[in-house]
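So the structure is just underneath, and the comments pick up after that.
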Amino acid sequence: MSDLPPTVKGMNDILPPEVSKWQFVEEKARAVLEAFAYRELRTPILEYTPLLVRSVGEDTEVVEKQMYTFADRDGQSVSMRPENTASAVRAYIARSQWNREPVTRWYYLGPMFRHERAQRGRLRQFHQVGAEVFGLASPAIDAEMIAMLVALLAEMGIKSSDLEVAVNTLGEPEERASFREALRGYFSHHLDKLDEDSRKRLQTNPLRILDSKDPDIQALAVNAPVLLDSLGEASKRHFEAVLSHLSALGIQSVVDTKLVRGLDYYTGTIFEVKAKLGDLGAQNALGGGGRYDRLVSSLGGPEVPAIGFALGVERVLLALAEPAEDFEPVLALFIAVLGEKAQAWALPVAHRLRMGGVRTELEHRPASLKSQLKRADALKARLALIVGDNELQSGKLLLRDLATRQQHEVTEAELAAKIRQLVDF
RNA sequence: GUGGACGUAGCUCAAUGGUAGAGCAUCGGACUGUGGCUCCGACGGCUGGGGGUUCGAUACCCCUCGUCCACCCCA
């Protein structure tokens, strides 16, 4: 045992019953996103590194320190996707999607990879459900997206009262640039109060100083310039419209002017949904996203506005208090057989029932009836079919309801109908 | 990348410088073809790995691997 190599750090096997909870979340995600008329997009897990560097941003933490990057056998640098927006945009451009339809709505679901130190709610292979819309600039779609994210969580069983929806706007790149200078000016006057990290950020990305968790810096940030003040009329109007659409949709949200996203491609509206309850540690952001109106063109496509979000599946799972066992599928029937004749009889019978949609487990080990019923009980089967020489001779099978302990005598011909009658599915 | 805690049976955890134990789970029996409760029994461990101190290490020391928590960052 001890010489068995473990899984790669931060990457886990997911087994039953836990996997049932995953399936539940994935099914709900698909159902809601399909209801919003999104279609599924599947892109490769590996992308050429420059695509990711150019979209996510060269100076971001993700690109600098977290990507799984290596040389392919032909020498090309490839990376495992740390997020899926870059791939979606690549596919959008490569397939000339903008020529085929004015508006494209895609969703995706799958593993992402970031080489970080693992902790609660943060793994190196983690999973996201995400959605992207291309071709819409209206603030209404910003609000719709946020509402969709909240609806997604609601369907999964996380009430909106357990959520905090934070929104902010980054404005146009030009507006952000002037704000960045304003921030530099402000913090430069307080250099002595900044820690090492923040001083570094003063050069690279002063916006990040705002969401520092250091109390001293937070105190300093209170009086810092506010981005909203640097915005032009158009940006302000857009953001205000988003807010009013959100309240029309009944979404409780808070404007968090310190909210900054870690990926460079964001412009305009950004948002984040945090869980107030649940079993999450410090990583309580369930999902987040925003507008990236310049990304399509900066990667060589036309000027198409876009917006999207990603939801962390592991974090949703943590926020969902219900135990994984509750999501397991119901076993309708356990077939207990006594003797070789019964065994031989049961194999094709079980097969037909299964083809008819009856979830059935057939005992293949020679075992006492007692232990077979124990097994049926442990599997939480609803019914047990008991077949031995007596039943085969009389043609009357014993169908036992494991909850009520009632036993019904049925013929083979009646079996399927009787099962349906006793188990509602 | 930084700081800290912890690795003993499938799981949750004991043990003390004297060579490993309980509960749960699993399997069997009491109950010969009738499950959940009870009782009895069995299975199960190179105490994460390596090195050191010692007559003797699960315990003390060092290294390593892993897990967890927090920072950073993010989903």
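What's counted below: heavy atoms across the whole structure, side chains too, no hydrogens, waters or symmetry copies.
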Note to self: Give me the distance, rounded to whole Å, that separates B/rG35 from B/rU19 when you measure between the P atoms they each carry.
What the structure shows: 43 Å

Notebook entry, point to check: Does a side-chain N-to-carboxylate-O contact under 4.0 Å join A/Glu27 and A/Arg30?
Noted result: no

Check: Which is true for A/Gln125 with a 4.0 Å heavy-atom rule: it touches a base, it touches only sugar-phosphate, or it touches nothing?
Finding: nothing

Next item on the list: Taking the side chain as every heavy atom from C-beta outward, state whether A/Glu272 and A/Leu259 have any atom pair closer than 4.5 Å.
Entry: yes

Notebook entry, point to check: Does the A/Arg354 side chain pair with the main chain of A/Arg359, one donor and one acceptor, at a distance under 3.5 Å?
Noted result: no

Check: Taking only side-chain nitrogens and oxygens of A/Lys9, does any of them come within less than 4.0 Å of OP1 or OP2 of B/rU67?
Finding: yes

Side-chain donor-acceptor pairs of residues 320-330 of chain A under 3.5 Å, sequence neighbours excluded:
none

Tabulated below should be each protein N or O lying under 3.5 Å from an N or O of nucleotides 69-71 of chain B; please produce it.
unit_1, atom_1, unit_2, atom_2, d
B/rC69, OP1, A/Arg120, NH1, 2.9
B/rC69, OP2, A/Arg120, N, 2.4
B/rA70, OP1, A/Ala282, N, 2.9
B/rA70, OP2, A/Gln119, NE2, 3.1
B/rC71, N4, A/Arg122, NH2, 3.2

Notebook entry, point to check: If you look at every strand shown and take non-hydrogen atoms under 4.0 Å, does A/Leu263 touch a base, only sugar-phosphate, or nothing?
Noted result: sugar-phosphate

Checklist line | Short side-chain N/O contact to B/rU26 OP1/OP2 from A/Arg375, under 4.0 Å | finding: no

Next item on the list: For A/Glu391 and B/rG33, give me the distance from atom CD to atom C1', rounded to whole Å.
Entry: 8 Å

Check: Considering only the P atoms, how many Å lie between B/rC40 and B/rG48, rounded to the nearest integer?
Finding: 31 Å

Check: Can you tell me if the side-chain N/O atoms of A/Ser371 get under 4.0 Å from OP1 or OP2 in B/rC27?
Finding: no

Notebook entry, point to check: Base, sugar-phosphate alone, or nothing: which one does A/Leu123 contact when heavy atoms must sit under 4.0 Å apart?
Noted result: base

Next item on the list: Would you kindly give the CG-to-P distance between A/Leu149 and B/rA75, to the nearest whole Å?
Entry: 12 Å

Next item on the list: Quick one: list whatever passes salt bridge (Lys or Arg N to Asp or Glu O under 4.0 Å) with A/Glu391, sequence neighbours left out.
Entry: none

Checklist line | C1'-based separation of B/rA42 from B/rU54 [nearest Å] | finding: 38 Å

Next item on the list: Quote, to the nearest angstrom, the C1' distance that separates B/rG49 from B/rU67.
Entry: 15 Å

Next item on the list: Give A/Gln407 one of three labels, base, sugar-phosphate or nothing, depending on what nucleic acid heavy atoms sit under 4.0 Å from its own.
Entry: base

Margin query: Applying salt bridge (charged side-chain N to carboxylate O under 4.0 Å, His left out) as the test, list every pair that has at least one member in residues 157-176 of chain A; sequence neighbours left out.
Written below: A/Lys159-A/Asp162, A/Glu172-A/Arg294, A/Glu174-A/Arg294

Note to self: Would you say A/Lys370 places a side-chain N or O within less than 4.0 Å of OP1 or OP2 belonging to B/rG35?
What the structure shows: yes

Show me the side-chain donor-acceptor pairs of residues 132-153 of chain A shorter than 3.5 Å, one per line, residues at least two apart or across chains.
unit_1, atom_1, unit_2, atom_2, d
A/Glu132, OE1, A/Tyr292, OH, 2.4
A/Glu132, OE2, A/Thr85, OG1, 2.8
A/Ser138, OG, A/Ala140, N, 2.8
A/Asp142, OD1, A/Arg291, NE, 3.1
A/Asp142, OD1, A/Arg291, NH2, 2.7
A/Asp142, OD2, A/His238, NE2, 2.8
A/Asp142, OD2, A/Thr269, OG1, 2.6
A/Asp142, OD2, A/Arg291, NE, 3.2
A/Glu144, OE2, A/Arg105, NH1, 2.9

Margin query: I need the NE2-P distance between A/His115 and B/rC72, as an integer number of Å.
Written below: 19 Å

Check: In whole angstrom, what separates A/Trp22's CH2 from B/rA75's P?
Finding: 16 Å

Next item on the list: Could you measure between the two C1' atoms, the one in B/rG18 and the one in B/rU47, and give it in whole Å?
Entry: 16 Å

Check: Going by distance alone, is a donor N or O of one side chain under 3.5 Å from an acceptor N or O of the other, for A/Thr7 and A/Asp13?
Finding: no

Notebook entry, point to check: Which is true for A/Ala285 with a 4.0 Å heavy-atom rule: it touches a base, it touches only sugar-phosphate, or it touches nothing?
Noted result: sugar-phosphate

Margin query: Whole angstroms only, please: what is the CG-C1' distance between A/Leu383 and B/rU34?
Written below: 15 Å

Check: Does any donor atom in the side chain of A/Trp106 or A/Gln97 lie under 3.5 Å from an acceptor atom in the other side chain?
Finding: no

Item checked: Dot-bracket line, read 5' to 3' along RNA chain B, where crossing pairs take [ ] and | marks a partner on another strand, Watson-Crick or G-U under 3.5 Å -> (((((((..((((....[..)))).(((((.......))))).....(((((..]....))))))))))))....

